[in-house]
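Before any comments, here is the structure.
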2 protein chains.
Amino acid sequence: MGKGHVRLADVAKAAGVSQGTASNVFSRPDVVREEVRERVLNVARELGYGGPDIKGRLLRAGRVNAIGVAAVEPLTYFFDDPWARSLMTAIGEVCDASGTGIAVVSAMNEERLAWNINSALVDGFILLCVEGGERLVELTRQRQLPFIALALGIEDETIPAIGIDNVAGGTAAARHLLELGHRDMAILSIGDVDGLVGLVAPERVDPEMEATPRDRMHGYWQALAEYGIPCEAVPIQGTLHDRPSTITAMETLFSSANPPTAILAMSDKVALFAMQWLAERGLKVPEDVSIVGFDGVPEAATSLPRLTTVAQPFAEIARRSVTAILENVLPEDHEALDLELVVRDSTAPPRPR
Amino acid sequence: MGKGHVRLADVAKAAGVSQGTASNVFSRPDVVREEVRERVLNVARELGYGGPDIKGRLLRAGRVNAIGVAAVEPLTYFFDDPWARSLMTAIGEVCDASGTGIAVVSAMNEERLAWNINSALVDGFILLCVEGGERLVELTRQRQLPFIALALGIEDETIPAIGIDNVAGGTAAARHLLELGHRDMAILSIGDVDGLVGLVAPERVDPEMEATPRDRMHGYWQALAEYGIPCEAVPIQGTLHDRPSTITAMETLFSSANPPTAILAMSDKVALFAMQWLAERGLKVPEDVSIVGFDGVPEAATSLPRLTTVAQPFAEIARRSVTAILENVLPEDHEALDLELVVRDSTAPPRPR
DNA sequence: TCAAGATTTTGAATCGATTCAATATGGCGG
DNA sequence: CCGCCATATTGAATCGATTCAAAATCTTGA
């Protein structure tokens, strides 16, 4: 800053007290005599001293009172991806309650990310492991701070993580459509693997697909099996979790001889893109096509029609992760929290043929 | 963390070199002889030393490489308010490019906020001054770090700020509707003042309204005046910038004898709530009612129909603020950037009577 | 072989606070 | 007036690194 940056020592000297006393004036005012306190505060004001610098305090105290949330994504991810935002909102609520700050740390390339993780001033990390989870975990581990992984697709049980029961969630979604009477369905899968775009054969799911979509898929299949429908009977359209690939998928699906009466989307984001496409094509949801999303992001509650979805317990996930970090008691095993089917207006029985 | 936290000094001693050399091994490896470097690194590995602790480095260097974005709102504001998110996304983009981190700092009550501002480990602040701007600025000023205020409603020219030309923006919005032929309009204003809810008389605007909505209002009025329409002829419905008050406003507006054919909304958020209400009531946009928003948030581009709006230059605002903070060259005067009318599908000529 | 110059390494100061044992001051009872 | 106890204040150590002038070591050329 300016040339003459005032520090506590300057104030102490100018006020004619020891540095210890000056420190107490600010951090434990009750312990110093009122008269002295006044004097020190006055001097501080005159000198333009704005209170103890956090950097000094930090070094001594070692605690920052902030947690970092990290992802292998650009920074904008935290503010425009619906899932990330839902989580951040929930985390924000918990942090607000406990007076904890949030630093978002991210980067696209590994080198930058390593640097960012190492230089983030936080007491611990919450890792959003949607993609590139291993690298992220490894980088964070080196930092030797408490961390917890969310949406982890890794089996390694030594990594503290909180997960969700994607299989059960998928089953609930598919079962809901089956109970309504749908038999012709299609699946909109998500992922970052370029090879899994367009029609995906079921036998490629296990070896090639990432953990989250794979589990959701198995959930769908499980419900379908209950109704005697083999997985080959339900086309899987792979998307890259963005609008273009979703639109392509929808076009393929609905240009076929017998288009589906219901769609199982692996995320609300993709489901909402699909709904937009349907609306533009003049297909009515849920009269012509039913659709079930996944995640339970807020947009799903305000869309038109409101989207039926399988909701993640964001608040619970946030609560557990933040307290785990702040109290440094990390879960021993991978917990899998329950998802909840939220039935709204995007699902109805199929039109009678 | 654990009892035996290894620090640089430990590594140095164990490797039999001075602390200075050990430091160089990590921060300027080229300056130390390869043989020594190897030895130190090996010892570090053995001891489980994870590289220089950022806290120590920070104290010396004084630079954190992160900027704080602060608002007098709960933390969740940054992740769910459309305007805040647009800005954060833009800021994120700039920070990504320069390898800078972002810490979000916020709080509802003043005491907490003061603490958060004082303890945020950042090189400077961007202040989102939508409400409670004065307190926020004052608090930040004490911190003696560079800061820049956005959306500032304060005249004080000594506060570094980047603003937008709300008057011109309002004029552009109203002029657009007038050119389409609308003569019966209504204004949806925004604000945090409880008294300005429901029908607001024009003479209350200047004394009671916050700066941003006041300027936008004057912009509207200016265009109306060009067409010879007095401001009394255009009802102003005050909202609290949330859904309930917007719905109440719309209900009042459309239960009147001659409802408006066009709506001037002071934010996209309110405009989108209004559009939803219209859709639920079976009123078609733009056939039955035209509507112009304000801000240019991304949701406005994907709504159905896509919303005509006056867009803020978020990228430019972000670029200027971030570089101002990082390079500590703060604007001398209040700059007012231009807004851009983005015509989309929510505006059309009124139905012929 | 030696001086000059180049390269490494050292050691101590520094960043800005907090902490705590030791000391000073004040009040009070005897 | 003294001793004791409680309260206030001091001074130095500490947190964990970086920095830089000075010292040590190594090259090089004469």
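Side-chain atoms are counted along with the backbone in the values below, which use heavy atoms only and exclude waters and symmetry mates. A note on names: the letters A, B, ... follow the listed sequences, proteins ahead of strands, and every chain is numbered from 1.
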With sequence neighbours excluded, residues passing side-chain hydrogen bond (donor to acceptor under 3.5 Å, both in side chains) with B/T89: none
Please tabulate the protein-to-nucleotide N/O contacts below 3.5 Å involving nucleotides 12-18 of chain C, giving atom names and distances.
unit_1	atom_1	unit_2	atom_2	d
C/dT14	O2	B/R60	NE	2.7
C/dG16	N2	A/G56	O	3.3
C/dA17	OP1	A/Y49	OH	2.9
C/dA17	OP1	A/D53	N	2.4
C/dA17	OP2	A/L8	N	2.5
C/dA17	N7	A/Q19	NE2	2.9
C/dT18	OP2	A/S23	OG	2.4
C/dT18	O2	A/R60	NH1	3.2
C/dT18	O4	A/Q19	NE2	3.4

Neighbour count above 12 (heavy atom, 6.0 Å) for B/E138 CD: no
A/A324 to A/L330 - nearest heavy-atom pair and separation: O-CD2, 3.8 Å
Worked check of salt bridge (Lys or Arg N to Asp or Glu O under 4.0 Å) between A/E316 and A/R320: CA-CA 6 Å; A/E316 177 71 9; A/R320 290 201 194 202; 2.8 Å; yes
A/V329 vs A/E327, side-chain contact (heavy atoms from CB on, under 4.5 Å): CA-CA, chis, key distance, verdict: CA-CA 5 Å; A/V329 283; A/E327 289 159 23; 4.0 Å; yes
Residue pairs passing the ring pair (Phe, Tyr, Trp, His ring centres under 6.0 Å) test where at least one lies in residues 116-149 of chain B, sequence neighbours excluded: none
Any residue meeting ring-ring contact (aromatic ring centres under 6.0 Å, His included) with B/F79, in chain and number order, not counting sequence neighbours: A/F79
Just list the side-chain donor-acceptor pairs under 3.5 Å for residues 58-73 of chain B, sequence neighbours left out, or say none.
none

Nearest-0.5 Å distance that lies between atom CD1 in B/I91 and atom OG in B/S86: 10.5 Å
SB check B/K13 B/D10 (cutoff 4.0 Å): no
Least distance between heavy atoms, A/L75 atom then B/I102 atom: CD1-CD1, 3.9 Å
B/N118 (side chain) donor-acceptor with B/A114 (main chain) under 3.5 angstrom: yes
First of B/V32 and A/R28 reached from the 5' end of DNA chain C, by closest nucleotide: B/V32
Consecutive Watson-Crick or G-U pairs in runs of at least 3, all under 3.5 Å, in which DNA chain C is involved: C:1-30 with D:1-30
A/E157, CD: over 12 other non-hydrogen atoms inside 6.0 angstrom: yes
Throw together a table of side-chain donor-acceptor distances under 3.5 angstrom for residues 45-57 of chain A, partners on residues two or more places apart or in other chains.
unit_1	atom_1	unit_2	atom_2	d
A/R45	NH2	A/N42	OD1	2.9
A/Y49	OH	A/G51	O	3.4
A/D53	OD1	A/K55	N	2.6

Dump the pairs, protein N or O against N or O of nucleotides 5-7 of chain D, anything under 3.5 Å, distances to one decimal.
none

Show the distances under 3.5 angstrom between N or O atoms of the protein and N or O atoms of nucleotides 21-24 of chain D.
none

Atom-pair distance (CD on B/E34; P on C/dT7), nearest Å: 17 Å
Those residues of residues 35-47 of chain A lying under 4.0 Å from DNA chain D by at least one heavy atom: A/V36
For B/D192, all residues meeting side-chain hydrogen bond (donor to acceptor under 3.5 Å, both in side chains), sequence neighbours excluded: none
CZ on A/F78 to OG on A/S106, rounded to 0.5 Å: 5.0 Å
Side-chain N,O (A/S18) to OP1/OP2 (D/dG11) below 4.0 Å: no
Steps toward side-chain contact (heavy atoms from CB on, under 4.5 Å) verdict (B/V25, B/L41): CA-CA 8 Å; B/V25 167; B/L41 285 174; 3.9 Å; yes
For nucleotides 22-27 of chain C, which of its nitrogen or oxygen atoms have a protein nitrogen or oxygen under 3.5 Å away, and what is each distance?
none

Nearest-0.5 Å distance that lies between atom CG in B/N24 and atom CD in B/Q19: 11.0 Å
